[in-house]
Amino acid sequence: MFEPKLSIRDKFSVLKSVSQNEISGSSKYVREFEKQFSDLNNRSYGVAVSNGSAALDVALELLSLKKGDEVIVPSHTIISCLSAVIRTGATPIFCDVDSLTWNMTLNNVKEKFSDNTKAVIAVHTFGLPAEISEISNFCKENSLYLIEDAAEAHGQYENGSICGSFGDISTFSFYANKHMTTGEGGMLLTNNKNFYEGAIQIRNLDFTRERFKHNNLYWNYRLSGIQAALGISQIKGLEKTINQKISQGERYIKLLENNTDIFQLPLLKHNGSVNHFWVFGILLQKNGIRDKVVNELLNNGIETRPFFWPLHMQPVLKKYKIILEDSLEVSEKLGSNGFYIPIGDHLSIRDQKFVAKKLIETVKSYS
């Protein structure tokens, strides 16, 4: 699906941190990474953590939610968004997403808003942004917290502002398949000093000056200096990576655009935002054939990954006695019929042509 490629600059940056013994979570490279990444996203504070899921855990913990509070979350997203809400004791309220962008819209949020709503988790999915400007304004008007999950949106813009600059708290992932990586790793960004100071406590076992005396049972979510050194270098290559992904996405569109009778392709642009193609998604028009298609592609040496299984249909909800009656049509269709194909620096133009050819042949054979 994807193979990360580290440059000589990346390797030198990591080697430099090792040679200076700057390898722990208290390394100067962690602080420098936090500063550079928060500056990139026009935020006052950054807190580096061990992964993107940890960033969501910290963000939700900071809101001091209680039983009965509701958090609106799109059903078409990673399980981390759900687990972070449940761990606070609050109730997740699932909304659908747009059928063209596969992202949360303001109308999706409004459909689920109630007097018990305390927060919204807005997720930018697959390369296009959610309607984050409108959602942000709605949250401000209704005194709601906004958590902006920008794990898949490094360097993306919406209405002229960079994604990650909208939420009361924004979260990022630096997993190996992201536009920039630290192998594993994540970041929480905010302009709120109290949130910043709280996040520092939460990621570091609630350590205070009175060491080893704890008022809270928090986590060890620190990022290492080695990872931060890689992150600093990766920031420098972010624009190049995005441009390459856009070129590959545009090439796939040209190769596949005459077959929209059998599958739906991602949008190149939406509301002024250019798709950064974190992944390249395919949504089959015919129900019930996805597994056959992806198995046949794998037989031809082409790996795929399914779209997110809808959060409102996750088996784990029974464990927490969360009973849902709503049907979220778009999320369910995406979960049943969607998958994405290889994209990244490891793919040549010839590779993309081969993938496109086999994809068309395979889908047609089952349609």
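The chain is numbered in sequence order, starting from 1.
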Output a table of donor-acceptor pairs, distance under 3.5 Å, between side-chain atoms of residues 250-258 and any protein atom two or more places apart or on a different chain; print 'none' if there are none.
from : atom 1 : to   : atom 2 : distance (Å)
R251 : NH1    : Q352 : OE1    : 2.7
Y252 : OH     : P342 : O      : 2.7

Validation: residues 134-145 side-chain donor-acceptor distances under 3.5 Å, sequence neighbours left out:
from : atom 1 : to   : atom 2 : distance (Å)
N137 : ND2    : S133 : O      : 3.3
N142 : ND2    : F138 : O      : 2.9

Result block: side-chain N/O donor-acceptor pairs under 3.5 angstrom for residues 65-75, not counting sequence neighbours:
from : atom 1 : to   : atom 2 : distance (Å)
D69  : OD2    : K66  : N      : 2.9
E70  : OE1    : S114 : OG     : 2.8
S75  : OG     : L311 : N      : 3.0
S75  : OG     : H312 : N      : 3.2
S75  : OG     : H312 : ND1    : 2.6

Distance-only donor-acceptor hits, side chain of residues 44-52, under 3.5 Å, sequence neighbours excluded:
from : atom 1 : to   : atom 2 : distance (Å)
S44  : OG     : N191 : OD1    : 3.3
N51  : OD1    : S53  : N      : 3.1
N51  : OD1    : A54  : N      : 2.7

Sequence neighbours excluded and cut-off under 3.5 Å, please list the side-chain donor-acceptor pairs for residues 180-187, or say none.
from : atom 1 : to   : atom 2 : distance (Å)
T181 : OG1    : F174 : O      : 2.8
T181 : OG1    : Y175 : O      : 3.2
T181 : OG1    : A176 : N      : 3.4
T181 : OG1    : G183 : N      : 2.8
T182 : OG1    : E184 : O      : 2.4

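Annotation: side chain to side chain donor-acceptor pair (under 3.5 Å) contacts involving residues 284-301, sequence neighbours excluded, comprise N287-N337. Pairs of residues two or more places apart, or lying in two chains, that qualify as salt bridge (charged side-chain N to carboxylate O under 4.0 Å, His left out) and include a residue from residues 26-37 are E34-R203, K35-D39. Sorted pairs that involve residues 148-171 and meet salt bridge (charged side-chain N to carboxylate O under 4.0 Å, His left out), not counting sequence neighbours, are lacking altogether.
For the side chain to side chain donor-acceptor pair (under 3.5 Å) test, residues two or more places apart in sequence or in another chain that qualify with S233 are R9, D10.
Side-chain atoms of R43 come within 3.5 Å of backbone N or O of G164 as a donor-acceptor pair. At distances below 3.5 Å, not a single donor-acceptor pair connects side-chain atoms of W278 with backbone N or O atoms of K245.
Judged purely by distance below 3.5 Å, without hydrogens or angles, the side chains of S165 and N41 never pair a donor atom with an acceptor atom. Using modelled atom types, one finds no donor on one side chain facing an acceptor on the other under 3.5 Å when comparing Y218 with E61.
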Which is it for H76 and F126 under the ring-ring contact (aromatic ring centres under 6.0 Å, His included) test, yes or no, and what are the steps along the way? CA-CA 11 Å; H76 179 62; F126 290 174; 5.4 Å; yes

Steps toward salt bridge (charged side-chain N to carboxylate O under 4.0 Å, His left out) verdict (E3, K5): CA-CA 6 Å; E3 295 177 9; K5 183 177 180 180; over 6 Å; no

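For the side chain to side chain donor-acceptor pair (under 3.5 Å) with S27, the lone residue among Q20, E22, Q227, R222 that qualifies is E22.
For Y366, the OH atom counts as densely surrounded, since its 6.0 Å shell holds more than 12 non-hydrogen atoms of other residues, nucleotides or ligands.
Grouping Ile, Leu, Val, Met, Phe, Trp and Tyr residues whose side-chain heavy atoms lie under 4.5 Å apart, directly or via other members, places L205 in a hydrophobic cluster with F207, F212. Residues M313 make up the rest of the hydrophobic cluster containing W309, defined by ILVMFWY side-chain heavy atoms closer than 4.5 Å, directly or through other members. Listed by chain and number, the hydrophobic cluster partners of L6 are V14, V18, I23, I226, L230, where partners are ILVMFWY side chains within reach of under 4.5 Å, directly or through others.
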